[in-house]
Amino acid sequence: MSSTTQARLTLASVLATMLAALTLSPLVRGKAWLVAVFVLVAVVAGVGAAVRQVTRSWLVVLLAQLAAFALAVTALFARNAALWGVLPGPEAWRALAELVRAGVEITEQDGPPVEPARGLILLVAGGVGLVGLAVDVLAVSLRRPAVAGLPLLAVYCVPAAVLPDGVSWVWFVLGGLGYLLLIAADATDRIRGWGRVLGNLGPDGEGRTMSGGPLSGARRIGVGALAVAVLVPPLVPGLGEQILGNGSGSGDGKGNRQIAVVNPILTLREDLNDRADITVLTYKLSGDQQPEPLRIVADTQYRGDKWEPPTDRKIPRDNTVQTQMGTPPGLTAAVATERLQMSVTVNDYKQNFLPLPYPAYKVDIEGDWLWDASTLNVVGSGTDTRNKQYEAYYYDVQPTAEQLQAAGLPPQSVSDEYTKLPADFPATLRDTAREVAGDGSDYEQATALQKYFRDGGFRYDTNAPVGTGSNDGSQDVLVQFLRVKRGYCVHFASAMAVMARALNIPARVAVGFLPGSKGADGTYTVSLRDAHAWPELYFDGVGWVRFEPTPAGRVAQVPGYTTGVQEPEETPTETETQTSEPSSSASSAQQRTGAPDENLGPVEQAPLLERIVAAIPWRVVLAVLLLGLLGLVPLLAATVVRRRRWRRAVTASARAEAAWEELRERLADLGVRWASSWTPRALQRRLADDHTLGGSERGALGRLVDDVESARYMPPGAPGRDPDEMGEDVRTVAAGVALTVPKGARRRARWFPRTGVEVLGGIARSADVAADEAGRRAAALGAQVRHTVGVGRRSGPDDGPQD
Amino acid sequence: MSTPAPMSLDDLVRATGAIRAAVETVVEGKPDVVRLSVTVLLAEGHLLLEDVPGVGKTMLAKSLARAVGCSVRRIQFTPDLLPSDVTGVSIYNQERQDFEFKPGAVFANVVVGDEINRASPKTQSALLECMEERQVTVDGTTYRLQPPFIVMATQNPVEMEGTYPLPEAQRDRFMARLSMGYPSAAAEVDMLERHGEHDPLSALAPVADAELVRRLIATARAVYASDAVKEYVVSLVRATRSTADLRLGASPRSALHLLRAAKAHAAMEGRQHVLPDDVQELVHPVLAHRLLPSADAQLARRSPEEVLSGLLAHVAIPRSRATA
């Protein structure tokens with residue numbers, strides 16, 4: 001297969017994949033994901049095309065493409081967790097897995113079109129990228145473009161299945177055209193393989209005039225079939241549009257059991273869906289303590305239109321919750337704490353974050369659950385909450401108002417992360433915050449903010465405060481919220497957290513459940529409707545403190561909330577609890593010191609495989625891999641140069657010279673060099689003497705010598721041989737000689753050819769020369785300018801006296 | 001005289017093969033030397049055989065002359081040999097009352113000049129015009145020499161007693177210089193046996209005639225030399241002029257000689273075109289005797305042959321123009 005064919009097929013497969021990807025556009029908002037899709041598809045196809053220049057093994061090509069795909073995905077989606085931005089280490093994989101999980105949750109939860117969150121983009125781009133890989137492998141590597149329609153069809157099936165009305169015919173036609181293009185690109189070449197394609201036989205139309213070549217008929221059939229597929233179904237009774245659209249079947253095959261999920265990403269612009277009254281979990285308290293809200297996750301990253309959990313965190317593998325969790329950040333022994341316990345049973349609720357009261361210090365649970373030091377978010381590694389049972393141990397933190405009032409400046413690391421606001425943060429919010437909060441201490445400002453939301457005429461509304469104004473600017477959601485004073489818990493929590501950040505109080509938004517309703521036997525039942533969001537503000541010495549800006553009035557609008565719900569809404573519990581218990585604060589301090597020691601212990605408990613994975617020095621491995629890839633550059637350079645030489649050789653003698661030159665290079669790669677003063681026959685003799693060549697190799701060499709002698713020394717006009725044959729002869733000879741050289745030299749010639757190194761050196765030299773030249777010109781120009789200026793200056797005084 | 005008709009290369013190979021075989025019945029164990037002699041014959045050059053006495057120089061010259069079946073004249077160069085002995089002399093014929101030209105020894109197809117460096121430079125110079133222009137001018141009358149015309153001069157190495165070194169100008173007129181070298185022991189034994197019984201030279205029957213040789217020459221001349229080969233010849237010759245090891249490099253005439261010899265060589269290989277290999281084969285015999293080593297090279301005891309070998313290893317083979 002010639003390189004032009006490969007290039008054409010590669011382009012066609014990229015085009016077909018991109019056209020198929022377009023059919024996903026009704027599913028995702030915005031166009032940003034298309035860019036990611038294109039980057040991944042292009043990377044895969046480009047790497048494939050490049051590697052194909054070097055090897056004919058489709059397996060090698062596939063491996064290279066997979067590697068490039070992994071690098072590109074990492075660079076696009078997990079740059080922060082990756083080594084040097086592109087190398088996917090274990091952290092990056094974890095970050096990617098997190099994103100995928102987030103993306104899957106979005107698809108499970110939201111209807112189309114969904115928000116283009118990073119996780120979702122990863123899902124879409126990664127999926128289409130893999131489809132592009134499959135198309136590339138099938139169409140270009142294996143040369144089965146017709147089969148490549150299957151992965152393309154898979155892409156098309158997604159919107160066809162998801163969209164209730166099916167896919168618009170426009171997308172169908174686009175996808176179909178892409179596939180036809182791919183097949184046409186292949187067919188054109190196959191027909192060329194039979195001989196020259198005769199185009200227009202003449203304008204006179206004598207006999208059969210093939211206006212568009214032999215493929216025009218096929219083209220007509222393809223386009224016709226596409227048209228029929230679009231036009232006929234609506235005309236045939238009973239078929240309707242069902243071929244194109246309507247794939248309901250959203251059931252999961254287990255009857256009508258529904259799996260509840262709470263999106264850890266808070267999207268401000270979305271309306272609150274009518275949530276099903278599914279029991280998420282039940283729990284029992286160990287004593288008679290007040291029930292606490294169960295936090296699923298703390299969202300730390302404010303993106304203007306949404307809050308996201310920390311995505312760039314690297315959680316050490318030994319942060320398992322079964323032993324001791326980290327100290328609640330900022331909490332000191334001066335604050336009264338009480339150790340409490342609760343046992344939780346989760347129903348059909350699937351989440352990667354474990355719902356826990358804050359701050360928990362230990363969880364007895366099956367599976368690999370890891371805690372994040374800064375947020376105390378508990379993340380499942382390869383596991384989720386579904387049908388889990390666990391025992392949660394937590395502190396009841398009881399700070400006094402004085403302690404909060406006396407809180408000093410937060411540590412720099414905390415305020416850096418938790419007061420971060422987007423560059424385009426609206427001034428309105430900042431101004432309102434200042435106006436509402438006054439000039440008191442952080443604590444006074446915080447309570448003032450909470451009072452503002454609870455008593456400032458805000459009303460609970462499940463509709464997001466958008467639509468009245470321009471809804472494209474994301475910041476406008478909160479501005480709108482302050483204006484219309486309607487929203488639901490997400491907006492209250494977000495607004496308070498954002499405004500606190502504007503006042504330089506570290507803040508984040510917690511997503512979780514209200515305590516739920518208490519049954520007769522003391523068991524609390526938490527429904528999906530109890531899902532809630534609240535702000536957490538940081539006070540030095542106390543740590544993260546929960547606030548509750550959402551007004552109590554919403555209870556009337558959201559049936560199913562019980563009286564227990566209202567409890568934390570009255571006022572922040574923290575401000576009221578004032579009892580101090582020296583004993584528990586001492587234990588808190590003890591736990592703090594104990595924690596690091598115990599962190600070392602659980603290494604033994606980690607599964608063997610994970611320990612092995614953790615023990616691999618990823619940086620070294622990846623550096624070696626990278627070096628290996630870099631090492632392939634000479635091979636690539638040599639191949640490119642050879643191909644270009646063959647392409648440029650149009651005359652018979654130029655082709656013979658190209659073959660000879662390639663032979664020279666290949667032998668030089670093998671360490672067999674020949675002087676420029678050697679005649680072709682001299683080389684022939686020496687090869688025969690020094691390297692025992694077989695009969696076919698001798699024959700090939702003899703033919704090559706004849707070719708080059710004929711090109712150089714015989715009267716011009718000889719027809720010359722087929723370049724493919726000559727190339728074959730060159731390879732035969734080189735392979736024969738390769739057998740006689742040491743293994744090391746052979747391997748070096750295969751993977752690290754000197755020719756490539758020389759080519760690179762040549763490029764470097766010419767760049768050097770060019771730089772010299774540029775420098776010289778610049779100097780000359782400078783001299784000229786100086787000269788001109790100098791002449792002007794000199795002529796000045798000369799002119800003066802004359803005047 | 002009409003231009004001789006060229007012949008097919010196969011015939012040429014066959015004819016030259018016969019000539020070589022005939023000569024080799026006399027000069028044993030020296031196929032390379034014989035081959036080179038025939039090459040020079042086909043290239044219309046003159047041959048200088050230089051070696052110590054008694055290795056068969058004259059035998060080679062005489063047997064080649066006899067094998068091609070042309071007219072042969074032999075001149076024994078001695079210190080008292082006069083130029084007119086070479087070129088010929090006009091004598092007054094009393095019967096016809098006119099000067100009559102008595103052709104000298106040079107009027108033959110093959111002129112064997114024995115021990116040419118024993119003659120005085122004046123006599124040696126008499127050969128100059130004959131060799132280069134293939135004509136003799138005596139008393140204002142120019143007489144053309146009949147082709148083929150080849151001078152096969154033998155000489156003892158210049159260090160021997162009683163010799164006048166050949167002037168550079170005359171050395172340059174010889175296409176090639178050959179050194180016989182001592183025969184191998186086996187060949188020497190064989191020689192004793194044969195030459196003891198009878199004279200193989202007298203038994204040598206001609207395998208060609210002048211007409212055939214003329215046609216051979218014409219055929220060899222028609223061999224194609226590509227630009228690349230010509231460039232190669234020129235770059236070799238120019239390299240002898242620029243190297244520091246040589247006081248005197250090769251002349252433009254030597255380039256001409258080299259190419260002509262290469263053509264003859266190619267023709268004898270049955271090839272219609274010249275290869276750089278032909279040129280390389282002939283560089284030493286064609287160029288070496290014209291070169292004068294520099295003082296440095298002499299001190300380092302580097303002979304012109306060695307210098308030429310060095311040049312051969314460095315001068316690049318030109319590629320075809322299309323990709324150059």
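Computed from heavy atoms alone, side chains included, the values below leave out hydrogens, waters and symmetry copies. Here is how names work: the chains are called A, B, and so on, in the same order as the sequence lines, proteins then strands, and each is numbered from 1.
Across all non-hydrogen atoms, the minimal contact from B/Tyr224 to A/Pro715 is CE2-N, 3.3 Å. Of all heavy-atom pairs spanning A/Arg712 and B/Pro318, the tightest one is CD-O, 3.9 Å.
The distance from atom CD1 of B/Ile317 to atom CH2 of A/Trp674, rounded to the nearest 0.5 Å, is 11.5 Å.
Contact annotation for B/Gln280: only side-chain heavy atoms (C-beta onward) come within less than 4.5 Å of a heavy atom of chain A. With a 4.5 Å cut-off on non-hydrogen atoms, A/Trp660 does not touch chain B at all.
Within the 3.5 Å criterion, the main-chain N or O of B/His273 finds no donor-acceptor partner in the side chain of A/Glu709.
Of the listed residues (A/Ser676, A/Ser710, A/Ala682), the one with the most heavy-atom contacts under 4.5 Å to chain B is A/Ser676.
The 12-atom threshold is not exceeded at CZ of B/Arg238, counting heavy atoms of other residues, nucleotides or ligands nearer than 6.0 Å. Other residues, nucleotides and ligands contribute at most 12 non-hydrogen atoms within 6.0 Å of the OH atom of B/Tyr182.
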